[in-house]
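So you know, we letter chains A, B, ... as the sequences are listed, proteins then strands, and number each from 1.
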2 protein chains.
Amino acid sequence: MRRHILDAALRLFAHHGFKGASLQDIAAEVPCSKASLLYHFAEKEAILTELLTPPAEGLSALNGQLDALEGSRAVEPAVTGYVGLAMQFHLELKIIFAELPQMLGHPALAVIPPAVDRLADALAGRSREPGALVSARMVIGGVAVAVAGGVDVPPDVMRDELIRGARRTLGHPHS
Amino acid sequence: MRRHILDAALRLFAHHGFKGASLQDIAAEVPCSKASLLYHFAEKEAILTELLTPPAEGLSALNGQLDALEGSRAVEPAVTGYVGLAMQFHLELKIIFAELPQMLGHPALAVIPPAVDRLADALAGRSREPGALVSARMVIGGVAVAVAGGVDVPPDVMRDELIRGARRTLGHPHS
DNA sequence: CCCGACCCTGACCGATCGGTCAGCTACCAT
DNA sequence: ATGGTAGCTGACCGATCGGTCAGGGTCGGG
């Protein structure tokens with residue numbers, strides 16, 4: 001049941017945003033009563049945090065691996081790791097980008113923006129040059145939008161093209 | 001006064017989303033009364049449509065120019081034109097990407113997603129190959145996120161880096 | 001001096017929001 | 001049979017939402 005609620009909430013949050021999808025909407029999608037949602041979850045926000053915990057942990061684990069690498073050695077695993085996470089959690093990613101500003105208010109979600117910053121640092125090859133910083137942000141946003149937007153290609157092709165596009169963006173076309 | 005309202009609404013919509021920013025919030029930001037907002041604008045949504053009209057018209061005008069060009073000749077002006085629009089309307093762009101799904105419901109805003117599709121087609125050099133389609137979407141999202149996210153570089157440097165990054169993503173590094 | 005037009009506002013409306021609560025049902029070990 | 005527990009729900013709550021309305025303030029032109 002919790003799984004059904006989370007699935008329905010994931011779809012609705014991704015399509016209409018966190019504030020745009022009401023508990024009534026989620027209950028109608030499950031389907032169940034609104035009170036049943038609040039029996040399984042303490043509050044509406046608890047549903048969101050539980051939805052975003054897996055991708056947040058995935059990103060945190062990726063960052064842990066990337067921290068061991070230095071300089072440009074981190075770029076390639078950062079690209080493949082991020083593309084993999086983005087494709088696995090594409091709906092969650094949509095929520096994260098749409099709701100990113102108000103996440104700073106909720107402690108449980110506040111870990112995400114800094115984790116994105118750490119990923120950007122790895123994608124930039126630990127460089128502080130404006131070109132590297134901008135390119136890193138472009139990869140983060142570009143992969144997210146390409147995955148979220150409806151480009152109709154098979155998943156394995158999409159994954160390959162995302163990785164190659166990201167490498168080109170960063171100026172590391174080889175590998 | 002209308003200008004003050006639009007400015008306040010632009011900031012709040014960009015930070016909290018359309019549904020996340022209430023008329024009370026906007027009135028407090030202006031500052032004025034909530035009733036005053038609805039004297040100048042028929043409804044809350046009218047504020048949003050008026051905010052998004054200039055970037056929508058700018059994108060439409062850009063698409064008009066790009067339609068005259070064919071194949072890969074459209075790529076370079078598409079890149080520079082889109083980067084220019086993105087930097088000019090970076091807050092509006094944030095709203096557009098966060099609120100993109102529910103725009104299909106409102107006729108006044110429904111023109112935006114197809115316009116984005118036309119831009120993506122130009123960025124892809126009118127190609128139907130998966131690689132070109134994915135790269136075009138990556139440029140659209142990458143530029144938007146890089147502009148919206150707080151990369152602390154001077155505007156002219158940002159503009160230059162965005163154009164170069166987009167060209168690399170598309171595999172057109174020359175020019 | 002008055003009038004109409006334009007701005008602006010407090011008070012109010014129904015609807016919907018997130019959240020609470022008492023109680024119903026189904027099940028299971030004793 | 002019985003007591004307890006887990007799952008679920010309808011009814012309800014205060015707060016806030018977008019939106020309406022009657023009226024007050026402030027002008028410039030006749």
Side-chain angles (χ1 to χ4, degrees), chain A residues 1-53 91-92 94-96 98-110, chain B residues 1-53 92 95-96 98-110:
Chain A
M1 187 62 193
R2 282 175 60 94
R3 186 79 272 160
H4 290 169
I5 293 175
L6 289 172
D7 288 347
L10 177 59
R11 285 194 300 269
L12 292 178
F13 287 163
H15 280 248
H16 306 108
F18 177 68
K19 307 210 70 157
S22 71
L23 292 177
Q24 313 241 29
D25 298 333
I26 301 172
E29 177 90 358
V30 172
C32 70
S33 75
K34 183 181 63 164
S36 182
L37 304 180
L38 293 152
Y39 167 79
H40 291 281
F41 298 91
E43 51 188 359
K44 186 188 182 186
E45 196 186 294
I47 303 178
L48 179 65
T49 62
E50 187 146 330
L51 279 175
L52 297 189
T53 293
L91 286 180
E92 292 87 343
K94 210 168 169 181
I95 301 175
I96 290 175
E99 238 72 28
L100 202 140
Q102 45 237 13
M103 286 183 180
L104 301 173
H106 312 305
L109 275 48
Chain B
M1 186 63 195
R2 281 175 60 93
R3 188 95 303 249
H4 290 170
I5 294 175
L6 289 172
D7 288 347
L10 177 58
R11 286 193 299 270
L12 291 178
F13 286 164
H15 280 248
H16 306 11
F18 176 68
K19 308 211 73 156
S22 71
L23 292 177
Q24 314 243 26
D25 297 333
I26 301 172
E29 177 89 358
V30 172
C32 70
S33 75
K34 184 181 63 167
S36 181
L37 303 180
L38 294 152
Y39 167 79
H40 292 282
F41 299 90
E43 51 188 359
K44 186 188 181 186
E45 195 186 296
I47 303 178
L48 179 65
T49 63
E50 188 147 328
L51 279 176
L52 298 189
T53 294
E92 291 87 343
I95 302 174
I96 289 176
E99 238 71 28
L100 204 139
Q102 46 236 14
M103 286 182 180
L104 300 173
H106 313 305
L109 274 49

- Specify the separation, in whole Å, of atom CD1 of A:I26 and atom P of C:dC17. 11 Å

- salt bridge (charged side-chain N to carboxylate O under 4.0 Å, His left out) contacts touching residues 30-47 of chain A (sequence neighbours left out): none

- Message: Give the residues of residues 17-24 of chain B touching DNA chain C, defined as any heavy atom closer than 4.0 Å, sorted by residue number.
- Response: none

- Item | Under-4.0 Å side-chain N/O to phosphate OP1/OP2 contact, A:Y39 with D:dG7 | yes

- Note on the structure: Of B:H40 and A:E43, the one whose closest nucleotide on DNA chain C sits nearer the 5' end is B:H40

- Rounded to whole Å, CZ of A:F41 lies from C1' of C:dG18 at a distance of 16 Å

- If you take all heavy atoms of B:A108 and B:T49, which pair is closest and at what distance? CB-CG2, 4.0 Å

- Task: Answer yes or no: does a side-chain N or O of A:S36 lie under 4.0 Å from OP1 or OP2 of D:dT9?
- Result: yes

- Minimum heavy-atom distance between A:L37 and A:A27, given as atom pair plus value: CD1-N, 3.8 Å

- Task: In whole angstrom, give the distance that lies between atom CZ of B:R2 and atom C1' of C:dC7.
- Result: 13 Å

- Message: Treating primed atoms plus P, OP1 and OP2 as sugar-phosphate and everything else as base, which nucleotides of nucleotides 20-27 of chain C get B, S or - for protein heavy atoms under 4.0 Å?
- Response: BB------

- Item | Pairwise salt bridge (charged side-chain N to carboxylate O under 4.0 Å, His left out) hits with a residue in residues 9-22 of chain A, at least two apart | A:R11-A:E29

- Nearest-Å distance, CD (B:E45) to P (D:dG18)? 12 Å

- Message: Minimum heavy-atom separation for A:S36 and A:M1, please, with both atom names.
- Response: OG-CE, 4.2 Å

- Any A:M103 side-chain heavy atom under 4.5 Å of A:L52 side chain: yes

- Message: Taking 4.0 Å as the cut-off, does a side-chain nitrogen or oxygen of B:S33 come that near to OP1 or OP2 on C:dC8?
- Response: no

- Item | Rounded distance in Å - CG (A:L37) to P (D:dG7) | 15 Å

- Query: Who pairs with B:F18 by ring pair (Phe, Tyr, Trp, His ring centres under 6.0 Å), at least two apart in sequence or on another chain?
  - Reply: B:F13

- Query: Looking at A:P31 and A:A28, what are the two nearest heavy atoms and their distance?
  - Reply: CB-O, 3.6 Å

Got a list of side-chain donor-acceptor pairs under 3.5 Å for residues 2-9 of chain B, not counting sequence neighbours?
residue: B:R2; atom: NH1; partner: B:H40; partner atom: O; Å: 3.0
residue: B:R2; atom: NH2; partner: B:E50; partner atom: OE1; Å: 2.8
residue: B:R2; atom: NH2; partner: B:E50; partner atom: OE2; Å: 2.4

